[in-house]
Amino acid sequence: MPDESCGRLVVVGQGYVGLPVAIRAVEVGFEVVGFDLDKDRVELLRRASTFVDDVSDAQIALALSSGRYVATSDRDELAGFDVAVICVPTPLRDGAPDIGCIEEAGRVIARHITAGCCVVLESTTYPGTTEDVLVPILEAGSGLRAGTDFHVGYSPERIDPSNRTWQFQNTPKIVSGVDAESLGVVREFYDSLVSRTFAVPGTREAELAKLLENTFRHVNIALINELAVYTHGLGVDVWSVIDAAATKPFGFMRFEPGPGVGGHCLPIDPSYLSWQVKRSLGQAFRFVDLANAVNDHMPEHVVTRAAQCLNARRKAVNGSRILLVGLAYKSNSGDARNSPAVAVARLLDKLGARISAIDPLVDEAAVPTYVEMVGCERDQLDGADLVIVLTDHDVINWDLVAQRSDCVLDTRNRLRSGNAEKL
């Protein structure tokens, strides 16, 4: 770890994106102010308590003990920064992007901008946001000119919670600037944090690259999900089909079906692109719209398959005890944001099922009140009329699930037992 500070960094937003940036910057020698309006989150950080899969309590404690990391909700503590990185939420509201948090972050930062500093946006957004929305806010609040007095760039986040192979430090980082000098400053900053950077011509290209990455995944997952729906009706095992196709060493990339898509990215980011195309060009982005329709329908398909499994045993969904295995949106993560598993639980509740769930990684505060959280235990599995595998965490005792479950619907192909129905 360097003996001398690399400079003063402000990271606005200390969630799944901002906290890994802040902690990594401390590791390489920056003095970091982690700013977040959520005072409860700030208090957790001050106690070295994590809520992010990829940052441990120990890492936060080490950052605090170094004296180079401060978590705060005090706007005055942002003064004197060399670099400020904006990592705030950009949700959809009624089908349209809500960039209010970006705008507020810009106003908070603007009054602390000084000559020669740099502001970088990482939040996912539509092309043009950095230059058409953020820059005017920064200039109005500071009285300085972007590209002349201070630097501005965009570098899309590529955080994949719980990914053990590709993490913040070794994932290539796209960088861009509003001019050549800004690009140089942005690239120099990220070169100190990650193993490789890749420069693009401008901020719009960087903004669109992020949307393309997630739209690509979204569309291909939708293709496989729709295939899974039809192969079941045709009496074909979709997982065997995927395994066979994946042996081709060129021209094919493996995607797998599931109960739907979740997290902050896939249910939202492609719709940013679709919205921008519609607003700017008056055209529908048909691939995105179709993928949304397919993936949004998958929780309903899971419930339909659950009803079929119960009907085969002369039972109704209404009154049946259904045990869900996994509530997070992806394996080995505690993130339940927009989780399709939660959507499945909601639909089953409406049909009168008695729902319990096993998920040791998800915070119970994120679980609906009609779902009883239980352990992976024999009596829970024995007493279920139907077990539905929705998220395949490695920490689950899958041997016990296979041995003690009388009727299983496995949406993740985790089980190989003969009594497990597939999606």
Side-chain angles (χ1 to χ4, degrees), residues 5-15 17-19 21-22 25 30-39 41-42 45 69-91 93 96-157 175-190 193 202-204 206-207 210 272:
S5 172
C6 295
R8 183 172 172 83
L9 169 68
V10 165
V11 182
V12 180
Q14 290 293 274
V17 175
L19 186 58
V21 174
F30 280 91
E31 295 179 4
V32 179
V33 177
F35 178 81
D36 203 294
L37 291 176
D38 187 334
K39 293 183 179 180
R41 176 175 291 182
V42 168
L45 291 172
Y69 177 66
V70 175
T72 184
S73 294
D74 184 354
R75 291 171 169 82
D76 290 336
E77 292 196 50
L78 308 186
F81 69 81
D82 299 295
V83 180
V85 179
I86 299 173
C87 307
V88 295
T90 49
R93 306 287 186 194
D98 180 355
I99 58 171
C101 289
I102 293 177
E103 294 169 329
E104 178 59 22
R107 288 188 286 268
V108 169
I109 289 172
R111 69 188 184 97
H112 298 296
I113 287 176
T114 56
C117 76
C118 180
V119 178
V120 185
L121 178 62
E122 283 209 12
S123 303
T124 302
T125 187
Y126 58 85
T129 302
T130 302
E131 295 188 32
D132 299 340
V133 178
L134 180 60
V135 165
I137 292 172
L138 298 177
E139 291 180 335
S142 66
L144 301 175
R145 291 289 303 276
T148 301
D149 302 313
F150 65 98
H151 311 290
V152 180
Y154 181 80
S155 180
E157 61 90 2
V175 293
S176 67
V178 296
D179 60 5
E181 189 173 350
S182 290
L183 171 59
V185 173
V186 172
R187 187 167 203 173
E188 182 180 10
F189 167 66
Y190 282 108
L193 302 184
T203 59
R204 283 174 168 80
E207 290 161 337
K210 170 63 176 179
Y272 262 62

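The basis for the numbers below is simple: all heavy atoms, side chains too, and nothing from hydrogens, waters or symmetry mates. Start at 1 with the first residue, then count along the sequence.
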*Nearest heavy-atom pair of Thr114 and Phe150: which atoms, and what distance?*
O-CB, 4.0 Å

*asked:* Quick check: closest heavy atoms across Leu183 and Ser176, and the distance to 0.1 Å?
replied: CD1-CA, 3.7 Å

Residues 134-148 side chain polar contacts: donor-acceptor under 3.5 Å, at least two apart:
unit_1: Glu139; atom_1: OE2; unit_2: Ala146; atom_2: N; d: 3.0
unit_1: Ser142; atom_1: OG; unit_2: Leu138; atom_2: O; d: 2.7
unit_1: Ser142; atom_1: OG; unit_2: Leu144; atom_2: N; d: 3.1

*Return each pair, listed once, that meets salt bridge (charged side-chain N to carboxylate O under 4.0 Å, His left out) where at least one residue sits in residues 108-118; pairs must be two or more places apart or across chains.*
Asp76-Arg111

_Inter- and intrachain pairs under side-chain hydrogen bond (donor to acceptor under 3.5 Å, both in side chains), touching residues 123-133, at least two apart_ = Thr125-Thr129, Thr130-Glu207, Glu131-Thr203, Asp132-Arg204

*Please test Leu45 against Leu19 for side-chain contact (heavy atoms from CB on, under 4.5 Å), starting from the C-alpha separation and ending with a verdict.*
CA-CA 10 Å; Leu45 291 172; Leu19 186 58; 3.9 Å; yes

*Identify, with sequence neighbours excluded, every residue that meets side-chain contact (heavy atoms from CB on, under 4.5 Å) alongside Asp82.*
Arg8

*By side chain to side chain donor-acceptor pair (under 3.5 Å), which residues pair with Glu122, not counting sequence neighbours?*
Lys173, Tyr190

*Could you list the residues that satisfy side-chain contact (heavy atoms from CB on, under 4.5 Å) with Cys101, not counting sequence neighbours?*
Val88, Pro89

*Sequence-distant partners of Glu77, side chain to side chain donor-acceptor pair (under 3.5 Å), two or more places apart*: Thr72

*Who are the ring pair (Phe, Tyr, Trp, His ring centres under 6.0 Å) partners of Phe35, not counting sequence neighbours?*
none

*Asp36 to Ser73 - nearest heavy-atom pair and separation*: O-OG, 2.6 Å

_side chain to side chain donor-acceptor pair (under 3.5 Å) partners for Thr90, two or more places apart_ = none

*Can you name the residues that form a side chain to side chain donor-acceptor pair (under 3.5 Å) with Asp98, not counting sequence neighbours?*
Arg93

*Gap between atom CD of Gln14 and atom OH of Tyr69 - 0.5 Å precision*: 3.5 Å

_Where Val11 and Cys87 come nearest, the two heavy atoms and their spacing_ = CG1-SG, 4.2 Å

_Is there a side-chain contact between Val133 and Ile99 in this structure, where contact means two heavy atoms from C-beta onward sitting under 4.5 Å apart?_
yes

*Out of Ile86, Leu37, Leu78, which one pairs with Val108 under the side chain to side chain contact (heavy atoms under 4.5 Å, CB included) rule?*
Leu78

*Indicate the atoms forming the closest heavy-atom contact of Val12 with Ala105, along with that distance.*
CG1-CB, 3.9 Å

_Minimal non-hydrogen separation, Ala206 against Pro156, with atom names_ = O-CG, 3.7 Å

*Partners of Val185 by side-chain contact (heavy atoms from CB on, under 4.5 Å), sequence neighbours excluded?*
Cys118, His151

*Does some side-chain heavy atom of Phe81 sit less than 4.5 Å from a side-chain heavy atom of Ile113?*
yes

*List for me each residue that meets salt bridge (charged side-chain N to carboxylate O under 4.0 Å, His left out) alongside Glu181, sequence neighbours excluded, and say none if there are none.*
none

